[in-house]
Amino acid sequence: MKQRSPWQRTHTCGELTLANKDQEVVLNGWIENKREHGKLVFIDLRDRYGITQLAVDADTAGMAAGTFDTMLRLGAEDVISVRGRVRPRGEGNVNKNRVTGEIELCVLSVTVLSEAETPPFEVLDKAEANEELRMQYRYLDLRRRPLQEALMKRARFVTAVRNFLQQQRFIDVETPILTKSTPEGARDYLVPSRVHPGKFFALPQSPQIFKQLCMVAGLDRYYQIARCFRDEDLRADRQPEFTQIDLEMSFVEEHDVLDVVEAMYVHAMKEGFGIDVPQPFPRFDFFEAMDKYGCDKPDLRFGMLLQDCTELAKKSDFKVFAGAVAAGGIVKGICAEGAAEKFSRKGIDELTAFVTQLGAKGLAWAKVTAAGVEGSIAKFYEGDKGKELIAHMGAKPGDLLLFVADQKRVVHKALGDLRLKVGGILGLRDPKVFRCCWVLNFPMFEWNEDKHRWQFAHNPFSAPVDWDIQDFGVDTENIRSRAYDFVMNGWELGSGSIRIHRTELQARVFEFLGISKEHQRANFGFLLDAYKYGGPPHGGIALGVDRIVTLALGREGIRDVIAFPKTAMAFDLMAAAPGEVSSEQMKELSIRTAVEPPKPPAQ
RNA sequence: GGGGACGUAGCUCAAUUGGUUAGAGUACCGGACUGUCGAUCCGGUGGUUGCGGGUUCGAUUCCCGUCGUCCUCGCCA
């Protein structure tokens, strides 16, 4: 039999029920709450598994001397071991909100394992303290059930992913954390090398190159729950270090990757969170997604698709419409079902302000009635013209029609965001509903206005749809890459591609992007070299674990699902990191800071 | 780097558009209480109003700077 010290628990705080009636048990945990009634005291004892009520009755036969007084003295967050007898609570005293609510532990003795100072905030299920304080005392915040639940479900999800991939013959491979700076992309976190004075490692922005090298190595299927580091400014959905499900497969085409990931995702969502994600995930061509949803990450929880009205607008008397078309633009509209009476004149003004902020010149609108349309564009759409518009939009009385006329880019941005906003107002974006999709064939390059040159849209290793393409300079904006995104509820959760696996093509992409031969050699030489020795066709994807868990649990931001997150200024309030280091350490690393040491306060 | 919001008791907030001794709930401390479950009742301790400067007879309140937190744009292949 396993050895157990007298103070060690026989059960957790979440498992005792009527089945344990009359048993003598030992529980360990934190005091959550105490309710005194003179000679009777109730204490809620908490551990990860639940809460059990302790009843300390001064008149209990066989109670160890001093137990009652000790219990009276103890308070919130003290850590104790209690020995007692399980007893039913009796009629009218059952707490149905708790698994252990039908019993209580009649305390016979107590051992104080650790006394706690009054905590800086109360450890309650509901977070009442502000985030700054909660991050500073993260270990206290993590005692709260919602946070523990997030960590447990996250762990279950990740385990399900591992099990699935392992079964699909993927190999979990660890790639370096100390690696090489990549010239493009996000800013790197750098680590100075002691033995190579003046030289620096970079923390990986992703294991991208290494996983491709795993393919060249013949591992065939690689995966890793990988930590990635990017030194960019943060957001609610962004941390300087974050976790990806990173995978790569050899001898595959898009559908092979998508099929595996889709099956993995459905499995892990069910195992981790009990969420049923409906399949199959629709697969959109990039331009199809843009046309229908105005963005490359469609929220499929509701319809309200963008509908092209350019042809109708062409012959319109409404100068805003006709004018936009004449200027080479387009006109599109959305139909918000039954929304006519939900938006007052003021409400529509707010929507107008919203799209104006996004670059649109205005918002044309019409409420559909039995007789036709009324609203800002009604006088241009009287009689048959109005009927034609209604028919074109597939609208019925009570619907609200919203239109934007401008250059395509502006229309898609404004109407795409407006669709989300109106959908939100109408309650069509239920956080408990989950709809996934794929978006394929992204443009290979995008124009960088500031740097005045083309840059890759996904990553420089994504293959073009046309393997034999000779000149990237011709019709550049229409060159498509074999890149794809994984999207759920309007959030981009993953991104990947079929890669280039030939030296020559990879070199030409780099060349087109203005990365010199020397630069290529210095930064990607080992990848280009690797391809010389036989690189298999391959492709993969990386999914953002933090975002997936956040969305699945309906939390506000990814900080809620990360054990020890950093602030918006990338600062760890608990550890006070980053911090200063000694001059000896600096000297050893051959580095000097350009920051003036803080002046000592004036005497 | 830009914009916005916030910073008052351990915690969450209030304080009359600049005016008496900065209040409440909760936590904490003391007391009462044998069926509570965010127990209840009575009493009490607790404040550099983030920090620095300015305007004013007088600043939690107005102004400038600074620090911190959050949101957001840029940025994030």
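Naming: A, B, ... by sequence-line order, numbering from 1 per chain.
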Please give the distance between the C1' atoms of U45(B) and U26(B) as a whole number of Å. 15 Å

Using heavy atoms to find the nearest nucleotide of RNA chain B for K126(A) and F461(A) separately, return the residue whose nucleotide is more 5′. K126(A)

Of the nucleotides C37(B), C76(B), U12(B), which has the atom closest to the A186(A) side chain? C76(B)

The criterion is side chain to side chain contact (heavy atoms under 4.5 Å, CB included); which residues satisfy it with Q239(A), sequence neighbours excluded? L234(A), I558(A), R559(A), I562(A), P565(A), K566(A)

Do D246(A) and Y222(A) have a side chain donor and acceptor closer than 3.5 Å? yes

Taking the C1' atom in each of U20(B) and G30(B), what is the distance between them to the nearest angstrom? 32 Å

When rounded to whole Å, the CD1 to P distance for the pair I103(A) and U36(B) reads 17 Å

Set of ring-ring contact (aromatic ring centres under 6.0 Å, His included) partners for F284(A), sequence neighbours left out: Y293(A)

What's the gap between C13(B) and G7(B) when it is taken at their P atoms, as a whole Å value? 9 Å

Whole angstrom value for the distance that separates P of G35(B) from CG of N93(A): 9 Å

Nearest-Å distance once atom C1' is located in both U17(B) and A59(B): 14 Å

For R83(A) and S109(A), does a side-chain donor sit closer than 3.5 Å to a side-chain acceptor? yes

Can you list everything that forms a side chain to side chain contact (heavy atoms under 4.5 Å, CB included) with T356(A)? Sequence neighbours excluded, please. T352(A)

Strand partner of C6(B), provided both Watson-Crick or wobble distances fall under 3.5 Å: G68(B)

Answer with yes or no whether R87(A) presents, from its side chain, a donor or acceptor under 3.5 Å of a partner atom in the base of G35(B). yes

Mate of U61(B) across any strand shown (Watson-Crick or G-U wobble, both atom pairs under 3.5 Å) is none

Tell me every residue that passes ring-ring contact (aromatic ring centres under 6.0 Å, His included) with F286(A), counting only those two or more places apart in sequence or in another chain. F442(A)

For the pair made of NZ in K34(A) and P in C33(B), what is the distance, rounded to whole Å? 16 Å

Dump every N/O contact between nucleotides 67-72 of chain B and the protein below 3.5 Å, one line per pair.
residue	atom	partner	partner atom	Å
G68(B)	O2'	E132(A)	OE2	2.5
U69(B)	OP1	T567(A)	OG1	3.1
U69(B)	O4'	E132(A)	OE1	3.2
C70(B)	OP1	A568(A)	N	3.3
C70(B)	OP2	A568(A)	N	2.8
C70(B)	O3'	R559(A)	NH2	3.1
C71(B)	OP1	R559(A)	NH2	2.9

Spacing of L124(A) atom CG relative to G10(B) atom C1', expressed in whole Å: 14 Å

Non-neighbouring partners of R48(A) that pass salt bridge (Lys or Arg N to Asp or Glu O under 4.0 Å), sequence neighbours left out: none

Which base, if any, makes a Watson-Crick or G-U wobble pair with U12(B), both distances under 3.5 Å? A24(B)

Rounded to whole Å, please give me the gap between CD in Q136(A) and C1' in C11(B). 13 Å

Rounding to an integer number of Å, can you tell me how far E102(A) CD sits from C37(B) P? 18 Å

For residues 60-67 of chain A, please give each side-chain donor-acceptor pair under 3.5 Å, one per line with the distance, not counting sequence neighbours.
residue	atom	partner	partner atom	Å
T60(A)	OG1	D57(A)	O	2.7
T67(A)	OG1	A64(A)	O	2.7

Examine the base of C76(B) for any acceptor or donor lying under 3.5 Å from a partner atom in the side chain of R230(A), and report the outcome as yes or no. no

Can you check whether F42(A) stacks with the U36(B) base, using ring centres under 5.5 Å and planes within 30°? yes

Determine the contact category for S206(A): base if any of its heavy atoms lies under 4.0 Å from a base atom, sugar-phosphate if only primed atoms, P, OP1 or OP2 are that close, otherwise nothing. base

When the C1' atoms of C28(B) and C57(B) are compared, how many Å lie between them, rounded to an integer? 40 Å

C75(B), C33(B), C11(B): which one has an atom nearest the side-chain heavy atoms of F121(A)? C11(B)

May I have the distance from E492(A) (atom CD) to C76(B) (atom P), rounded to whole angstrom? 13 Å

Could you tell me how far G47(B) sits from U8(B) if I compare only their P atoms? Round to whole Å. 15 Å

Within the 4.0 Å heavy-atom criterion, would you say R89(A) contacts the bases, only the backbone, or no part of the nucleic acid? base

Pairs satisfying ring-ring contact (aromatic ring centres under 6.0 Å, His included), at least one member in residues 41-73 of chain A, at least two apart: H37(A)-F42(A)

If pairing means Watson-Crick or G-U wobble with both distances under 3.5 Å, then the partner of G18(B) is none

Could you pick out which residue, R98(A) or P460(A), lies toward the 5' side of RNA chain B when each is mapped onto its nearest nucleotide? R98(A)

M290(A) side, atom CE; H412(A) side, atom NE2 - distance, nearest 0.5 Å: 6.0 Å

Base, sugar-phosphate or nothing for E104(A)? Non-hydrogen atoms, less than 4.0 Å. base

Can you tell me which residue among L54(A), V41(A), I31(A) is in a side-chain contact (heavy atoms from CB on, under 4.5 Å) with M71(A)? L54(A)

G46(B) - base-pair partner by Watson-Crick or wobble geometry, distances under 3.5 Å: none

Can you say whether the rings of W447(A) and W454(A) are parallel (under 30°), tilted (30 to 60°) or perpendicular (over 60°)? perpendicular

P-based separation of C62(B) from U16(B) [nearest Å]: 10 Å

Please enumerate all protein N or O atoms sitting under 3.5 Å from an N or O of nucleotides 26-29 of chain B, with distances to 0.1 Å.
residue	atom	partner	partner atom	Å
U26(B)	O2'	E122(A)	OE2	3.0

Rounded to whole Å, CZ of R238(A) lies from P of C73(B) at a distance of 8 Å

For C41(B), which nucleotide is its Watson-Crick or G-U wobble mate, given both distances must be under 3.5 Å? G31(B)

Between C6(B) and U60(B), how far is it from one C1' atom to the other, in whole Å? 14 Å

Base, sugar-phosphate, or nothing: which does I51(A) touch, judged by heavy atoms less than 4.0 Å apart? nothing

Report which part of the nucleic acid A55(A) touches: base, sugar-phosphate, or nothing (heavy-atom distance under 4.0 Å, all strands). nothing

